[in-house]
Amino acid sequence: IYETGVGERRVVRLEDGSRISLDASSRVAVSYSDDRRALTLERGRAKFDVAKEPLRPFTVVAGNQAVVATGTAFSVELLRGQMRVLLYEGQVAVVARPGVGRVMNAKSVKPAERAATTEQLVPGQELISSLSSGAVRVIPAKMDRSLSWEDGRLDFVDEPLARAVERINRYTDTPIVVGDAAAGRLLVNGVFDAGDTQSFVRGMTALFPLSARYADKTVTLVSGKEPLASK
(Lines give C-alpha, C1' and ligand atoms only; values in the text may rest on other atoms or scores of the structure.)
Protein backbone atom coordinates (compact mmCIF):
# COMPACT_ATOMS: atom_id res chain seq x y z
CA ILE A 1 0.00 0.00 0.00
CA TYR A 2 1.26 3.47 -0.89
CA GLU A 3 -0.61 6.53 0.30
CA THR A 4 -0.34 10.24 0.96
CA GLY A 5 -1.91 12.42 3.61
CA VAL A 6 -3.60 15.80 3.29
CA GLY A 7 -1.35 18.15 1.34
CA GLU A 8 1.32 15.49 0.72
CA ARG A 9 2.60 14.36 -2.67
CA ARG A 10 4.84 11.34 -3.15
CA VAL A 11 6.74 9.53 -5.91
CA VAL A 12 7.21 5.76 -5.58
CA ARG A 13 9.42 3.54 -7.73
CA LEU A 14 8.19 -0.07 -7.99
CA GLU A 15 10.30 -3.21 -8.26
CA ASP A 16 9.97 -3.38 -12.07
CA GLY A 17 11.08 0.22 -12.54
CA SER A 18 7.57 1.62 -12.95
CA ARG A 19 6.87 4.87 -11.13
CA ILE A 20 3.79 6.16 -9.32
CA SER A 21 3.27 9.86 -8.62
CA LEU A 22 0.59 10.21 -5.96
CA ASP A 23 -1.48 13.33 -5.51
CA ALA A 24 -2.43 14.44 -2.00
CA SER A 25 -4.90 12.29 -0.01
CA SER A 26 -4.43 9.34 -2.38
CA ARG A 27 -3.97 5.61 -1.87
CA VAL A 28 -2.79 2.85 -4.23
CA ALA A 29 -2.58 -0.87 -3.47
CA VAL A 30 0.01 -2.86 -5.44
CA SER A 31 0.05 -6.62 -6.06
CA TYR A 32 2.72 -8.08 -8.37
CA SER A 33 2.97 -11.71 -9.50
CA ASP A 34 4.86 -13.60 -12.17
CA ASP A 35 2.22 -13.00 -14.84
CA ARG A 36 0.65 -9.64 -13.98
CA ARG A 37 1.07 -6.31 -12.25
CA ALA A 38 -2.20 -5.47 -10.51
CA LEU A 39 -2.83 -2.13 -8.80
CA THR A 40 -5.92 -0.54 -7.31
CA LEU A 41 -6.46 3.19 -6.91
CA GLU A 42 -8.52 3.34 -3.74
CA ARG A 43 -8.83 7.12 -3.53
CA GLY A 44 -7.42 10.31 -4.99
CA ARG A 45 -5.24 10.54 -8.08
CA ALA A 46 -2.02 9.00 -9.34
CA LYS A 47 0.11 9.12 -12.47
CA PHE A 48 1.68 5.87 -13.63
CA ASP A 49 4.87 5.67 -15.70
CA VAL A 50 4.89 2.01 -16.66
CA ALA A 51 8.01 -0.05 -17.35
CA LYS A 52 7.63 -2.12 -20.53
CA GLU A 53 6.94 -5.80 -19.92
CA PRO A 54 4.69 -6.99 -22.78
CA LEU A 55 4.10 -10.40 -21.19
CA ARG A 56 3.06 -8.94 -17.83
CA PRO A 57 0.24 -6.40 -18.26
CA PHE A 58 0.01 -3.49 -15.85
CA THR A 59 -3.57 -3.07 -14.62
CA VAL A 60 -5.00 -0.26 -12.50
CA VAL A 61 -8.49 -0.87 -11.13
CA ALA A 62 -10.48 2.20 -10.09
CA GLY A 63 -14.20 2.44 -9.55
CA ASN A 64 -16.06 0.60 -12.30
CA GLN A 65 -13.16 0.40 -14.77
CA ALA A 66 -9.76 -1.23 -15.17
CA VAL A 67 -6.94 0.42 -17.12
CA VAL A 68 -4.59 -1.99 -18.89
CA ALA A 69 -1.13 -1.09 -20.24
CA THR A 70 2.26 -2.67 -20.88
CA GLY A 71 4.52 0.37 -21.21
CA THR A 72 3.03 3.84 -21.16
CA ALA A 73 2.25 6.91 -19.04
CA PHE A 74 -1.24 7.74 -17.80
CA SER A 75 -3.08 9.12 -14.80
CA VAL A 76 -6.16 7.80 -13.01
CA GLU A 77 -8.35 9.84 -10.70
CA LEU A 78 -11.33 9.01 -8.49
CA LEU A 79 -13.82 11.76 -7.79
CA ARG A 80 -17.26 11.66 -6.24
CA GLY A 81 -19.31 9.93 -8.92
CA GLN A 82 -16.52 9.80 -11.51
CA MET A 83 -13.40 7.96 -12.58
CA ARG A 84 -11.01 9.64 -15.05
CA VAL A 85 -8.15 8.28 -17.13
CA LEU A 86 -5.80 10.59 -19.03
CA LEU A 87 -3.23 9.13 -21.42
CA TYR A 88 0.12 10.88 -21.96
CA GLU A 89 2.16 8.30 -23.86
CA GLY A 90 1.61 4.92 -25.47
CA GLN A 91 -1.76 3.21 -25.52
CA VAL A 92 -4.13 1.81 -22.90
CA ALA A 93 -7.34 -0.17 -22.88
CA VAL A 94 -10.01 0.81 -20.36
CA VAL A 95 -12.15 -2.21 -19.58
CA ALA A 96 -15.44 -2.31 -17.66
CA ARG A 97 -15.10 -3.77 -14.17
CA PRO A 98 -17.26 -6.90 -14.70
CA GLY A 99 -14.20 -8.37 -16.43
CA VAL A 100 -11.81 -7.71 -13.57
CA GLY A 101 -12.28 -11.17 -12.13
CA ARG A 102 -10.00 -12.67 -14.77
CA VAL A 103 -6.46 -11.74 -15.74
CA MET A 104 -6.92 -8.43 -17.46
CA ASN A 105 -5.52 -7.56 -20.83
CA ALA A 106 -7.03 -6.13 -23.97
CA LYS A 107 -6.92 -9.50 -25.75
CA SER A 108 -9.08 -11.12 -23.05
CA VAL A 109 -12.10 -9.15 -24.24
CA LYS A 110 -14.10 -11.05 -26.84
CA PRO A 111 -14.44 -9.24 -30.19
CA ALA A 112 -18.22 -9.09 -29.83
CA GLU A 113 -17.85 -7.45 -26.43
CA ARG A 114 -15.03 -5.07 -27.29
CA ALA A 115 -17.11 -2.10 -28.50
CA ALA A 116 -19.38 -2.25 -25.47
CA THR A 117 -16.82 -3.00 -22.76
CA THR A 118 -13.49 -1.55 -23.88
CA GLU A 119 -12.19 1.87 -24.86
CA GLN A 120 -8.79 2.20 -26.51
CA LEU A 121 -7.19 5.55 -25.72
CA VAL A 122 -4.43 7.32 -27.61
CA PRO A 123 -2.23 10.11 -26.21
CA GLY A 124 -4.13 13.34 -25.65
CA GLN A 125 -7.42 11.66 -24.76
CA GLU A 126 -9.23 11.55 -21.42
CA LEU A 127 -11.86 8.99 -20.48
CA ILE A 128 -14.56 9.93 -17.98
CA SER A 129 -16.64 7.12 -16.49
CA SER A 130 -19.73 7.52 -14.30
CA LEU A 131 -19.45 5.45 -11.12
CA SER A 132 -23.23 5.18 -10.86
CA SER A 133 -24.34 4.34 -14.40
CA GLY A 134 -21.10 3.09 -15.95
CA ALA A 135 -21.56 5.49 -18.86
CA VAL A 136 -18.27 6.38 -20.54
CA ARG A 137 -17.19 9.29 -22.71
CA VAL A 138 -13.83 10.17 -24.24
CA ILE A 139 -12.80 13.81 -24.70
CA PRO A 140 -9.66 15.67 -25.83
CA ALA A 141 -7.38 16.30 -22.86
CA LYS A 142 -5.79 19.62 -21.92
CA MET A 143 -2.30 18.15 -21.90
CA ASP A 144 -0.36 21.33 -21.16
CA ARG A 145 -2.31 21.91 -17.94
CA SER A 146 -3.17 18.42 -16.78
CA LEU A 147 -0.08 17.80 -14.64
CA SER A 148 0.04 21.08 -12.75
CA TRP A 149 -0.82 19.19 -9.56
CA GLU A 150 2.62 17.58 -9.63
CA ASP A 151 4.07 21.09 -9.22
CA GLY A 152 1.71 22.06 -6.42
CA ARG A 153 -0.81 23.94 -8.54
CA LEU A 154 -4.43 23.15 -9.34
CA ASP A 155 -5.48 24.28 -12.81
CA PHE A 156 -9.20 24.41 -13.54
CA VAL A 157 -10.82 24.91 -16.94
CA ASP A 158 -14.63 25.10 -16.84
CA GLU A 159 -14.59 22.80 -13.82
CA PRO A 160 -17.82 22.60 -11.78
CA LEU A 161 -17.22 24.12 -8.38
CA ALA A 162 -18.21 20.90 -6.61
CA ARG A 163 -15.46 19.00 -8.41
CA ALA A 164 -12.88 21.76 -8.00
CA VAL A 165 -13.58 21.80 -4.26
CA GLU A 166 -13.10 18.04 -4.05
CA ARG A 167 -9.59 18.47 -5.46
CA ILE A 168 -8.82 21.51 -3.29
CA ASN A 169 -9.81 19.52 -0.20
CA ARG A 170 -6.99 17.02 -0.77
CA TYR A 171 -4.63 19.75 0.36
CA THR A 172 -6.30 21.35 3.35
CA ASP A 173 -7.18 20.62 6.98
CA THR A 174 -9.94 23.22 6.64
CA PRO A 175 -12.16 21.57 4.05
CA ILE A 176 -14.56 23.47 1.86
CA VAL A 177 -18.21 22.41 1.67
CA VAL A 178 -20.45 23.34 -1.25
CA GLY A 179 -23.71 24.32 0.41
CA ASP A 180 -26.18 23.96 -2.46
CA ALA A 181 -26.52 22.44 -5.92
CA ALA A 182 -26.61 25.77 -7.74
CA ALA A 183 -23.25 26.74 -6.25
CA GLY A 184 -21.79 23.36 -7.14
CA ARG A 185 -22.63 23.87 -10.82
CA LEU A 186 -20.71 27.14 -11.19
CA LEU A 187 -17.77 26.75 -13.58
CA VAL A 188 -14.32 27.51 -12.19
CA ASN A 189 -11.41 28.74 -14.31
CA GLY A 190 -7.96 29.59 -13.02
CA VAL A 191 -4.77 28.34 -11.40
CA PHE A 192 -4.56 28.05 -7.61
CA ASP A 193 -1.75 27.12 -5.25
CA ALA A 194 -2.52 23.75 -3.69
CA GLY A 195 -3.21 24.20 0.00
CA ASP A 196 -4.06 27.91 -0.21
CA THR A 197 -7.70 27.48 0.68
CA GLN A 198 -8.22 31.09 1.65
CA SER A 199 -7.14 32.40 -1.75
CA PHE A 200 -9.49 29.96 -3.44
CA VAL A 201 -12.41 31.01 -1.24
CA ARG A 202 -11.68 34.70 -1.79
CA GLY A 203 -11.52 34.13 -5.52
CA MET A 204 -14.81 32.26 -5.62
CA THR A 205 -16.69 34.83 -3.54
CA ALA A 206 -15.25 37.66 -5.63
CA LEU A 207 -16.12 36.10 -8.98
CA PHE A 208 -19.48 34.54 -8.17
CA PRO A 209 -22.57 35.46 -6.13
CA LEU A 210 -21.39 33.27 -3.27
CA SER A 211 -20.94 33.71 0.47
CA ALA A 212 -18.44 31.91 2.70
CA ARG A 213 -19.56 30.69 6.12
CA TYR A 214 -16.91 29.62 8.62
CA ALA A 215 -17.73 27.09 11.33
CA ASP A 216 -16.31 23.91 12.90
CA LYS A 217 -13.05 24.09 10.93
CA THR A 218 -14.88 24.08 7.61
CA VAL A 219 -15.77 26.73 5.04
CA THR A 220 -19.18 26.48 3.38
CA LEU A 221 -19.77 28.21 0.06
CA VAL A 222 -23.43 29.03 -0.48
CA SER A 223 -25.31 30.85 -3.23
CA GLY A 224 -26.16 34.49 -2.59
CA LYS A 225 -24.33 37.40 -1.05
CA GLU A 226 -24.90 37.91 2.65
CA PRO A 227 -25.08 41.39 4.18
CA LEU A 228 -21.79 42.58 5.65
CA ALA A 229 -23.41 42.94 9.05
CA SER A 230 -24.09 39.21 9.21
CA LYS A 231 -20.44 38.27 8.83
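Predicted, not measured: the structure shown is a model, and the values here were computed from it.
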Quick one: are [X] and [Y] in side-chain contact, heavy atoms under 4.5 Å?
{"X": "Leu39", "Y": "Val61", "value": "no"}
{"X": "Leu78", "Y": "Arg45", "value": "no"}
{"X": "Leu14", "Y": "Val12", "value": "yes"}
{"X": "Ile139", "Y": "Glu126", "value": "yes"}
{"X": "Arg27", "Y": "Ile1", "value": "yes"}
{"X": "Thr174", "Y": "Val219", "value": "yes"}
{"X": "Val11", "Y": "Ile20", "value": "no"}
{"X": "Phe58", "Y": "Phe74", "value": "yes"}

>> Before you tell me yes or no, could you show the steps for Leu131 and Met83 under side chain to side chain contact (heavy atoms under 4.5 Å, CB included), namely the whole-Å CA-CA distance, both residues' side-chain angles and the distance that decides it to 0.1 Å?
In response: CA-CA 7 Å; Leu131 296 180; Met83 189 278 282; 3.9 Å; yes
Can a donor-acceptor pair be found between the side chains of [X] and [Y] at a distance below 3.5 Å?
{"X": "Arg202", "Y": "Ser199", "answer": "yes"}
{"X": "Ser18", "Y": "Asp16", "answer": "yes"}
{"X": "Tyr214", "Y": "Thr220", "answer": "no"}

I need the minimum non-hydrogen distance between [X] and [Y], along with the two atoms involved.
{"X": "Ser129", "Y": "Gln65", "value": "OG-NE2, 3.3 Å"}
{"X": "Val92", "Y": "Ala69", "value": "CG1-CB, 3.7 Å"}
{"X": "Ala212", "Y": "Leu221", "value": "CB-CD2, 4.0 Å"}
{"X": "Gly179", "Y": "Val222", "value": "CA-CG1, 4.0 Å"}
{"X": "Tyr88", "Y": "Ser75", "value": "OH-OG, 3.6 Å"}
{"X": "Ala38", "Y": "Tyr32", "value": "N-CD1, 4.4 Å"}

same_hphob_cluster([X], [Y]) at 4.5 Å side-chain heavy-atom cutoff:
{"X": "Leu79", "Y": "Ile128", "value": "no"}
{"X": "Ile168", "Y": "Val177", "value": "no"}
{"X": "Val178", "Y": "Leu207", "value": "yes"}

Can you tell me if [X] uses its side chain to pair, donor with acceptor, with the backbone of [Y] under 3.5 Å?
{"X": "Thr4", "Y": "Ser26", "value": "yes"}
{"X": "Glu166", "Y": "Arg80", "value": "yes"}
{"X": "Thr218", "Y": "Ala215", "value": "yes"}
{"X": "Thr172", "Y": "Thr197", "value": "no"}
{"X": "Thr40", "Y": "Glu42", "value": "no"}
{"X": "Asp193", "Y": "Asp196", "value": "no"}

Answer yes when [X] and [Y] have at least one side-chain N-carboxylate O distance shorter than 4.0 Å, and no when they do not.
{"X": "Glu150", "Y": "Lys47", "result": "no"}
{"X": "Arg153", "Y": "Asp155", "result": "no"}
{"X": "Asp23", "Y": "Arg170", "result": "yes"}

As an exercise, state the distance from [atom1] of [X] to [atom2] of [Y], rounded to the nearest 0.5 Å.
{"X": "Glu77", "Y": "Arg43", "atom1": "CD", "atom2": "CZ", "result": "14.0 Å"}
{"X": "Ser21", "Y": "Arg13", "atom1": "OG", "atom2": "CZ", "result": "9.5 Å"}
{"X": "Ser223", "Y": "Leu186", "atom1": "OG", "atom2": "CG", "result": "6.5 Å"}
{"X": "Glu53", "Y": "Arg36", "atom1": "CD", "atom2": "CZ", "result": "14.5 Å"}

>> Between Val6 and Tyr171, does the side chain to side chain contact (heavy atoms under 4.5 Å, CB included) criterion hold? Intermediate values first, please.
In response: CA-CA 5 Å; Val6 172; Tyr171 289 86; 5.6 Å; no
Would you be so kind as to tabulate the donor-acceptor pairs closer than 3.5 Å made by side chains of residues 156-164, with sequence neighbours excluded?
{"residue": "Asp158", "atom": "OD1", "partner": "Asn189", "partner atom": "ND2", "Å": "3.1"}
{"residue": "Glu159", "atom": "OE1", "partner": "Arg167", "partner atom": "NH1", "Å": "3.3"}
{"residue": "Glu159", "atom": "OE2", "partner": "Arg167", "partner atom": "NH1", "Å": "3.1"}

>> Thr118 vs Val94, test: side chain to side chain contact (heavy atoms under 4.5 Å, CB included). Steps then yes/no.
In response: CA-CA 5 Å; Thr118 305; Val94 184; over 6 Å; no
>> What verdict does the salt bridge (charged side-chain N to carboxylate O under 4.0 Å, His left out) test give for Glu3 and Arg10, after you've listed the backbone C-alpha separation in whole Å, the side-chain angles of each residue and the deciding distance to 0.1 Å?
In response: CA-CA 8 Å; Glu3 60 185 325; Arg10 182 182 179 188; over 6 Å; no
>> Between Arg84 and Leu127, is the side chain to side chain contact (heavy atoms under 4.5 Å, CB included) condition met? List the steps.
In response: CA-CA 6 Å; Arg84 293 180 172 230; Leu127 178 142; over 6 Å; no
